[in-house]
There are 4 protein chains.
Amino acid sequence: MAPDEGGGRKAPRGRPRSEAAERAILDAVVALLEDGVPLGEVSIERIARTAGVGKATIYRRWCDKEALFVDLLRDIEPPEPVLPGTSAREDLVVMLESLRDRGVAQRTSALLYHVFAQMKSYPKLWAAYHATVIEPRRLIVREVLRRGVADGEIRDDLDLELVNDLFIGPMLLRSVMRPDAPLDDDLAQRIVSAVLDGVRPGS
Amino acid sequence: MAPDEGGGRKAPRGRPRSEAAERAILDAVVALLEDGVPLGEVSIERIARTAGVGKATIYRRWCDKEALFVDLLRDIEPPEPVLPGTSAREDLVVMLESLRDRGVAQRTSALLYHVFAQMKSYPKLWAAYHATVIEPRRLIVREVLRRGVADGEIRDDLDLELVNDLFIGPMLLRSVMRPDAPLDDDLAQRIVSAVLDGVRPGS
Amino acid sequence: MAPDEGGGRKAPRGRPRSEAAERAILDAVVALLEDGVPLGEVSIERIARTAGVGKATIYRRWCDKEALFVDLLRDIEPPEPVLPGTSAREDLVVMLESLRDRGVAQRTSALLYHVFAQMKSYPKLWAAYHATVIEPRRLIVREVLRRGVADGEIRDDLDLELVNDLFIGPMLLRSVMRPDAPLDDDLAQRIVSAVLDGVRPGS
Amino acid sequence: MAPDEGGGRKAPRGRPRSEAAERAILDAVVALLEDGVPLGEVSIERIARTAGVGKATIYRRWCDKEALFVDLLRDIEPPEPVLPGTSAREDLVVMLESLRDRGVAQRTSALLYHVFAQMKSYPKLWAAYHATVIEPRRLIVREVLRRGVADGEIRDDLDLELVNDLFIGPMLLRSVMRPDAPLDDDLAQRIVSAVLDGVRPGS
DNA sequence: ACTTAACCGAGACGGTACGTCATGTCTTCCA
DNA sequence: TGGAAGACATGACGTACCGTCTCGGTTAAGT
């Protein structure tokens, strides 16, 4: 049986790629962004210069600046939160807290801010991020909601995709699109409560 | 007699700027974007070539590519919606419809899509858009909510900024950040109802 | 033609050209060159700026930068020397002194130096200078030589054009093409003597 | 063992410069000038376009347009003449013939004409030309004259620098500064004879 | 130990765009 | 109507980066 990576893969002749170079490249990008270099000025040429690496060494690994950033994001993205599972409310609060954390991080780190700001300009990067980060989390929330409906915590006459957006949307709006808005500690709590209870009096 | 435009405005010496050139420039940008030219390839040089205009004529008017896009956005942005004023619910639906319309437009028009996608990468553009478009609309919603509270349509124990986000967030999430999600005709209605009523059973 | 030169001519409708503007332009060029501005940087634009004059006002008077310099040179060129007429030798010395003077002036004045250095690059300027300055002086020397032959001061078996060059050439070489060579007070004397007497021993 | 090229010469890292590009650039300049393009229109941009070469490839080799022309001149300048050494008179005739040849060439070739015309406007070019071409030839003539004095062909009571100018000046005047004057075959002979013998009757 | 082949850094290559400046023409207001 | 002010299309300037391509020199795996 093929030991690891499958079938008739050719034996890789020649000198193997240096992990050191790869790390140097990624580190250089991070360093540049943390030094506040505008992302538009993070050119391949400059990365190579900073990393002390030939340009070809970068192009050998990533065809695009986008592709490089995809890998970079994967390094940066915090792990998915662990849900307590005690109730839909608690689980939703934890998920929203995780979103809030990222929002806080984005305001702190020039790196995160710029990468996220740019992401929609790079379709492949955006698609990759959507597939590997956003969609899995939506799936988790969807499951939380489904259990919430089953447990009688959530109405069963609503489109769960819509409900998903009702919880996630406000937090994203706050954390990503309104960089001046406060991100208080109890924000997740308040959003979940308000969406659950409604904003109509006596509801 | 007021000389022309009021105050102590200086008499503009020399040949006045040609409106034709200005229009040609803006039209060229629109044309390029509508032809699907990636926004990163919309260089000043290319705009000038397309518009049949000297580069200096562009730089004379806008110091940045950003600044140009600010003006472009102003041309494109649809007018603020007219609120019926019959009830907070109706007003909110109209505001959200207007957001939905822009979402639909962004999916149709490559121009809008790319400009919005890029906007956060250009801080000045983003700030200008925030100040001239987003904040005024938030202000309108804030006023609608205030009246809603006064009329007893909305609870008076909630932070209205939060409520604002509860209504706007889901629609923005759908229309801007989830380009694959459907934007049904009744979406605004459903969001407003759900946020008003809450998603807890019996609420 | 200059409107102020036409005797009892009525002011022919319209504003006459201002002498002040013309003088301001020429003065500006002189000032720039004397300030050591490299002649390549003496653009029409800059002249206009320095003179406080519109570009069109310059182009209205001179079609070229060359044409402007032609007029400028005429202002600068010293008057033709007055020959004593006592002998060919004396007359030649005076002519050569005059050449030497200009050579000294060229080393002193950046203006003169640069204008002469550039002149051959501007065919019309060069032709004008040749016709109005060089050729008249050659003519004078030709006449001096002719009288010298008649008076027996100069051999009659030589081409006078060649003799002309024998006297003028060495002084021009010294003063114009060898800017480091000394221009001693007695240089004209020594050249005239040596050319007259020859450099062969016993000649 | 000597490694290759002698001293501690550094090993040249990176891709070596292409001789083909260099030749293409110089050829392009020559071609442009020979096509009668005014030297002022021989822009770096145009050279690059004509040579099918990137602008950077030119700037990598020459910092200036001047520096480029210095190299160009070195290619063009004919070799120093071989002196027969039979007598000072013969040697001087050969040197002057060589000057005359260049004069003829300058009238034939637009390239040479313009380059020489412009040279004094480019101080570095002029200095380089002076040092590498003019001064060496003056040195040769100086040596010829010294031997002439020793051999009794030339008076020993004259400043040899002056004598140098007496021979060279007339030919330069004819060939460089009087482009309309004839450059007959026997011109060198006649100048040398006249300067040796003097123009005074019975000298 | 010796090939072989892909790696490495460095940097040159033909391009394209940058933002500035000068050209010569034009337009508009002021005197 | 002349003049200043300055906008206009054009095009060169010198720099930076693009992505590709040599170079000379490693660095393993497979003979």
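Keep in mind that this is a model prediction, so the values were computed, not measured. The chains referred to below are lettered A, B, ... by the order of the sequence lines, with proteins before strands, and numbering in each begins at 1.
Distance alone, capped at 3.5 Å, is enough to place a donor-acceptor pair between the Thr50(B) side chain and the Arg46(B) backbone.
For the pair Pro16(B) and Arg13(D), both in contact range of DNA chain E, the more 5′-proximal nearest nucleotide belongs to Arg13(D). Nearest-nucleotide positions on DNA chain F place Cys63(D) closer to the 5' end than the other of Cys63(D) and Arg60(D). Place Ala56(C) and Val53(B) on DNA chain F by their nearest nucleotides, and Ala56(C) ends up nearer the 5' end. Each of Ser18(D) and Gly14(B) was assigned the nucleotide of DNA chain E with the nearest heavy atom; the assignment lying further toward the 5' end belongs to Ser18(D).
Between Lys55(A) and Glu45(A) the shortest side-chain heavy-atom distance falls below 4.5 Å. Counting heavy atoms from C-beta outward, Arg61(C) and Asp71(C) have side chains that stay 4.5 Å or more apart. Residues Ile47(B) and Leu68(B) are in side-chain contact: their nearest non-hydrogen atoms beyond the backbone lie under 4.5 Å apart. Side-chain contact between Phe69(A) and Val29(A): present, with at least one pair of heavy atoms (C-beta onward) separated by less than 4.5 Å.
Proximity of Arg17(B) to the phosphate of dT28(E): no side-chain N or O atom is located under 4.0 Å from OP1 or OP2. Put simply, Arg49(A) has a side-chain N or O that comes within less than 4.0 Å of OP1 or OP2 on dC17(F).
The distance between atom CD of Glu45(C) and atom P of dT23(E), rounded to the nearest whole Å, is 6 Å. Separating the CD1 atom of Ile44(B) from the C1' atom of dT15(F) is a distance of 17 Å, rounded to the nearest angstrom. Rounding to whole angstrom units, CD1 of residue Ile47(C) and P of dG24(E) are separated by 11 Å. In this structure, the CD1 atom of Ile25(B) is 12 Å from the C1' atom of dA7(F), given to the nearest Å. Whole-Å rounding puts the Ile58(D) CD1 to dT16(E) C1' distance at 16 Å. Distance CD (Glu22(A)) to C1' (dA6(E)): 16 Å, rounded to an integer number of Å. Rounded to a whole Å, the CZ atom of Arg61(D) is 12 Å from the C1' atom of dG14(E). In this entry the distance linking CD of Glu41(A) with P of dA17(E) reads 19 Å, nearest Å.
If you check dT25(E), dA7(F), dT20(F) against the side chain of Tyr59(A), the one that comes closest is dT20(F). In this structure, the nucleotide among dA12(F), dA17(E), dA22(E) sitting nearest to the side chain of Ser43(D) is dA12(F). Side-chain atoms of Ala21(B) lie closest to dC8(F) of the nucleotides dA10(E), dC18(E), dC8(F). Closest to the side chain of Thr57(C), from the set dG3(F), dG14(F), dG19(E), is dG3(F).
Across all strands shown, Arg46(C) has no heavy atoms under 4.0 Å from either base or sugar-phosphate atoms.
Taking 3.5 Å as the limit, the base of dC8(F) and the side chain of Arg15(B) contain no donor-acceptor pair of atoms between them. Judged by distance alone with a 3.5 Å cut-off, a donor-acceptor contact links the side chain of Lys55(B) to the base of dG19(E).
Summarising the geometry of Ala48(C) relative to Gly54(C), their closest heavy-atom pair is CB-C, 4.3 Å, with the distance given to 0.1 Å.
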